[in-house]
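Numbered from 1 within each chain, the chains take letters A, B, ... in sequence-line order. Not measured: the values here are computed from a predicted model.
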Amino acid sequence: METNNEEAAKKSLNFIEAFVEQDLKDKKNDGRIQTRFPPEPNGYLHIGHAKAICLDFGIARNYGGICNLRFDDTNPVKEDVEYVDSIQNDIQWLGYQWENVYYASDYFQQLWDLSIDLIQQGKAYIDEQSAETIAKQKGTPTVAGTESPYRNRPIAENLELFKKMNTGEIAEGAMVLRAKIDMASPNMHFRDPLMYRVITSHPHHRTGWTWKAYPMYDYAHGQSDYFEGVTHSLCTLEFEVHRPLYDWFIDQFKDSDYRPRQIEFNRLNLTYTVMSKRKMLQLVQEGLVSGWDDPRMPTICGLRRRGYSPEAIHSFIDKIGYTKFEAQNDVGLLEHAVRENLNKTATRVNAVLNPVKLIVTNYPEGKVEMMETGNNPEDESAGTREIPFTRELYIEREDFMEDAPKKFFRMTPGQEVRLKSAFIVKCTGCKKNENGLIEEIYCEYDELTKSGMPEASRKVKGTLHWVSASHAVKAEVRIYDRLFSIENPSADERDFRDLLNPDSLKVLTNCYVEPSLAKAKALDHFQFQRIGYFNVDPDSSAEKLIFNRTVSLKDSWAKEQNK
RNA sequence: UGUCUUAUGGUGUAAUGGUAGCACUGCAGUUUCUGGAUCUGCCUGUCUAGGUUCGAAUCCUAGUAAGACAACCA
């Protein structure tokens, strides 16, 4: 979020920033900049919303304007307070604070009054045909619509019926208010768009049963912008065709030089996931994920639980930019962003996910030596800590091979390897059970090679992480991977449930972590050395430590093996 | 036989009529007490055809391809 002046000068503007700067230069709207983030409280925010949030709040912040949060709560059937709280929480977690929080429902009276005006001007009428009939009369994109028989209803009658729409005297679905524009318009949205419908079945989460007639998006959204003084109304590409109607409504009511301007940008599409609210809701309701905050979900709360930091999300959104081109963003770039961020900030710790015992045969039994180790090689100020070294350790099973290929730089009989922050040891053999499974590995240490001593600088090819068997703490580690096994599940004709990655979650229950992790707090980030970035799951407790893998470290050995 | 919009390496994004650059990915190397990170190098691109211009990724025309629009959703 911070950029120094030199960087800012070099950075090229995206097309929206360019518009904003031009408007500022032209002194439009008295040089005011005002944006809004207008979520509908009917679901949890996802990374696509984060892209919009960064733009809405970012433009305001960078150009000395303000950004309000406005809940577009015009459909009581779908909306709920549950979502209002989570939305506010997620925005703040991303590092933004709205100037005011508004609700479209705050404007129900104003919107009502304006539509009365419109009716009185003869520009709106009550239609009492069925939804199906109205849809049929709309025509198709290539065929003009036909006019409703109620289109020329007398003004007084319109007024009377409109009032009845709001008193409960008119049944849900029986009548609507439509703007009288042009049924033959090549833009479908101009074919007498609906302005109001009746909803009697659900109370509104804020206004209760006060209103029975509810305004529709095209009318409510633009006018809400206008009431608030929004100058730049930023939204995604699919609203492009709505813009002429947005402008039309503004023109009907505008009473000064001020006017809000709608600008559309491309939405965020991430590979290997779905972003539609409907599909995400199905994943949750059908138990295909553990909830909205399942670490595999692209929701803000899911990413947070997965171990993503706000900084990483900002950095990612910065990299993908804002254009009018419908993009497919590589989830690899998001993973890169979080690695880049966590590499600078995460404390390095030792954790053994798939343990096998390593016995240092020439190390005294019962002896405990405290080894000093750096918390973060990328950040001197992170300091150091001590970890216990003993005769019996755990290392990763994958770090040992009895018959190793030439390029295997880890533990194998006869080869020297470094135990990170401790000693150089030489493998002397192993013990296997009757099935050939390796039960113990043996090695001898060279006490002159203790970290920090001159002999420690000896060249050895491999360095392994380890924990002391008697000090290590048991932990559960959840290994998350991409939710879907194919790149673009939304474009696939198969049912999206069939495209889920069966290996998107692996739970490892037999992991050992160094003792310092016993006091880690929920959501704390760590790098498990040589493995990846992990954070503490909110369900973790002193009795049962639980870690989530945010993302693996790049693994050039795995790549080598796949050749 | 509509309206609107878009098209730059595998992906994303710059170049605002004047040397097609950056990031991710991939590959090769350097370095390293993380096979991480770092550092270096390399591969790969202006949808097509015309036109305007001294000069076009950029402007114009036509094509091609893709997306949005026919909810009493937002």
Side-chain angles (χ1 to χ4, degrees), chain A residues 11-15 18 38-40 42 72-75 77-79 104 127 130-131 134-136 138-145 172-178 185-191 194-199 214 216-218 220-221 235-244 264 266 271 277 318-330 332-337 339-340 343-344 348 350 373-374 377-378 407-410 418-422 424 449 451-452 456-465 487 527-532 552-560:
Chain A
K11 192 187 175 292
S12 56
L13 302 176
N14 66 45
F15 77 103
E40 184 186 12
N42 70 344
D72 248 344
D73 57 349
T74 54
N75 186 0
V77 176
K78 290 188 182 169
E79 295 151 8
D127 199 338
S130 69
I134 290 175
K136 219 169 279 173
K138 283 240 167 150
T140 71
T142 54
V143 177
E172 185 163 318
M175 290 186 189
V176 291
L177 179 70
R178 300 177 72 179
S185 170
N187 183 335
M188 297 286 296
H189 296 280
F190 271 39
R191 324 244 261 227
L194 272 64
M195 292 177 68
Y196 272 86
R197 83 297 211 165
V198 177
I199 295 174
Y214 288 93
M216 305 287 293
Y217 169 84
D218 283 302
H221 189 89
C235 62
T236 45
L237 252 23
E238 67 267 31
F239 292 101
E240 216 150 22
V241 206
H242 293 247
R243 190 179 350 123
E264 311 85 14
N266 62 344
T271 55
K277 274 185 189 176
D318 226 47
K319 290 176 207 288
I320 63 172
Y322 297 88
T323 67
K324 296 182 76 104
F325 175 70
E326 186 143 341
Q328 269 295 321
N329 298 107
D330 191 342
L333 190 58
L334 177 63
E335 292 169 349
H336 164 77
R339 281 196 190 99
E340 185 178 55
N343 176 47
K344 295 275 185 282
R348 271 59 170 175
N350 292 303
T373 189
E378 302 290 321
K407 282 184 167 173
F408 187 78
F409 303 143
R410 308 179 183 183
R418 185 190 304 279
L419 295 179
K420 172 96 181 157
S421 306
I424 294 174
T449 62
S451 281
S457 55
R458 206 153 83 204
K459 290 286 174 222
V460 284
K461 281 282 204 178
T463 300
L464 306 188
H465 62 278
E487 201 166 84
Q527 186 199 90
F528 287 2
Q529 262 174 144
R530 303 209 303 132
I531 303 175
S552 68
L553 242 33
K554 283 213 242 171
D555 189 347
S556 52
W557 169 240
K559 213 177 264 178
E560 177 74 28

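Between the C1' atoms of B/U48 and B/A65, the separation comes to 10 Å (whole Å). Of the C1' atoms belonging to B/U46 and B/G17, the separation is 15 Å, rounded to the nearest Å. When the P atom is used for both B/U38 and B/U32, the distance is 16 Å, rounded to whole Å. Atom name P, nucleotides B/C4 and B/U11: the rounded distance is 29 Å, in whole Å. Of the C1' atoms belonging to B/G67 and B/C47, the separation is 16 Å, rounded to the nearest Å. B/G55 sits 47 Å from B/A70 when the C1' atoms are compared, rounded to a whole Å. The same atom, P, is picked in B/U16 and in B/G21; the two are 14 Å apart, to the nearest Å. Taking atom C1' on both B/A56 and B/G18, the two are 10 Å apart, rounded to the nearest angstrom.
Looking at heavy-atom distances under 4.0 Å, A/Leu553 makes contact with a base. Among the atoms of the strands shown, none is found under 4.0 Å from any heavy atom of A/Ser185. Note on A/Leu334: nothing from the nucleic acid sits closer than 4.0 angstrom, heavy atoms only. Across all strands, A/Phe528 comes closer than 4.0 Å to no nucleic acid atom at all (heavy-atom distances). Heavy atoms of A/Ser421 sit under 4.0 angstrom from at least one base atom.
Atoms CG (A/Asp318) and C1' (B/C24) sit 14 Å apart, rounded to a whole Å. For the pair A/Lys407 NZ and B/G29 C1', the interatomic distance rounds to 12 Å; values are reported in whole Å. Rounded to whole Å, the distance from CZ on A/Arg339 to P on B/A23 is 18 Å. Spacing between atom CZ of A/Phe409 and atom P of B/U34 amounts to 14 Å, rounded to whole angstrom units. Whole-Å rounding puts the A/Glu340 CD to B/C39 P distance at 11 Å. The distance from atom CD of A/Gln529 to atom P of B/U32 is 18 Å, rounded to the nearest whole Å. Look at CZ on A/Phe15: it is 17 Å from C1' on B/U58, rounded to the nearest Å. Between the CZ atom of A/Arg191 and the P atom of B/U3 there is a distance of 12 Å, given to the nearest Å.
Taking 4.5 Å as the limit, every side-chain heavy atom of A/Cys235 sits out of range of all side-chain heavy atoms of A/Glu240. In this structure, the side chains of A/Val176 and A/Arg197 come closer than 4.5 Å at one or more pairs of heavy atoms. A/Asn42 is not listed as a side-chain neighbour of A/Asn75, based on a closest heavy-atom distance of 4.5 Å or more. Put simply, the side chain of A/Arg418 reaches to within 4.5 Å of the side chain of A/Ile424, judged on heavy atoms. Between A/His242 and A/His221 there is no side-chain heavy-atom pair separated by less than 4.5 Å. In this structure, the side chains of A/Pro244 and A/His189 stay at 4.5 Å or more apart for every pair of heavy atoms.
For A/Asn266 and B/U13, the shortest distance from a side-chain N or O to OP1 or OP2 is below 4.0 Å. Put simply, A/Ser556 has a side-chain N or O that comes within less than 4.0 Å of OP1 or OP2 on B/G36.
Looking at A/Glu378, its side chain comes within 3.5 Å of the base of B/G36 through a donor and an acceptor atom. Contact annotation: side chain of A/Glu264 to base of B/U5, donor-acceptor pair absent below 3.5 Å. Below the 3.5 angstrom threshold, one finds no donor paired with an acceptor across the side chain of A/Arg530 and the base of B/G35.
In this structure, the side chain of A/Arg530 does not engage the main chain of A/Leu553 through any donor-acceptor pair within 3.5 Å. Listed for the A/Ser185 side chain is a donor-acceptor partner under 3.5 Å among the backbone atoms of A/Asn187. Side-chain N or O atoms of A/Asp73 include one that pairs as donor or acceptor with a backbone N or O of A/Ala104 at under 3.5 Å.
Using a 4.0 Å cut-off between charged nitrogen and carboxylate oxygen, A/Glu40 and A/Lys78 do not count as a salt-bridge pair.
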Run the numbers on A/His336 and A/Lys319 for side chain to side chain contact (heavy atoms under 4.5 Å, CB included), then give the verdict.
-> CA-CA 11 Å; A/His336 164 77; A/Lys319 290 176 207 288; 4.0 Å; yes
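Of the options A/Thr463, A/Asn350, A/Thr373, a side-chain contact (heavy atoms from CB on, under 4.5 Å) to A/Ser421 is made by A/Thr373 and by none of the others.
Here the side chain of A/Lys420 is nearest to one of B/U6, B/A37, B/U34, namely B/U34. Out of B/A23, B/U25, B/U32, the shortest distance to the side chain of A/Lys319 is found at B/A23. Among B/U13, B/G36, B/G26, the nucleotide with an atom closest to any side-chain atom of A/Ala327 is B/U13. The nucleotide whose nearest atom lies closest to any side-chain atom of A/Lys459 is, among B/U32, B/G12, B/C24, B/U32. The side chain of A/Lys554 has B/U25 as its nearest neighbour among B/U25, B/U8, B/U5.
Mapped onto RNA chain B by nearest heavy atom, A/Arg243 and A/Lys344 fall at different nucleotides, with A/Arg243 at the one closer to the 5' end. Residue whose closest nucleotide on RNA chain B sits further toward the 5' end, between A/Thr142 and A/Arg418: A/Thr142.
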Per-residue pairing states of RNA chain B in dot-bracket (Watson-Crick or G-U under 3.5 Å; . unpaired, | other strand) read .((((((..((((....[..)))).((((.........))))....(((((..]....))))))))))).....
Summarise protein proximity over nucleotides 69-74 of chain B in one line of letters, 5' to 3': B for base, S for sugar-phosphate only, - for none, counting protein heavy atoms closer than 4.0 Å.
-> SBSBSB
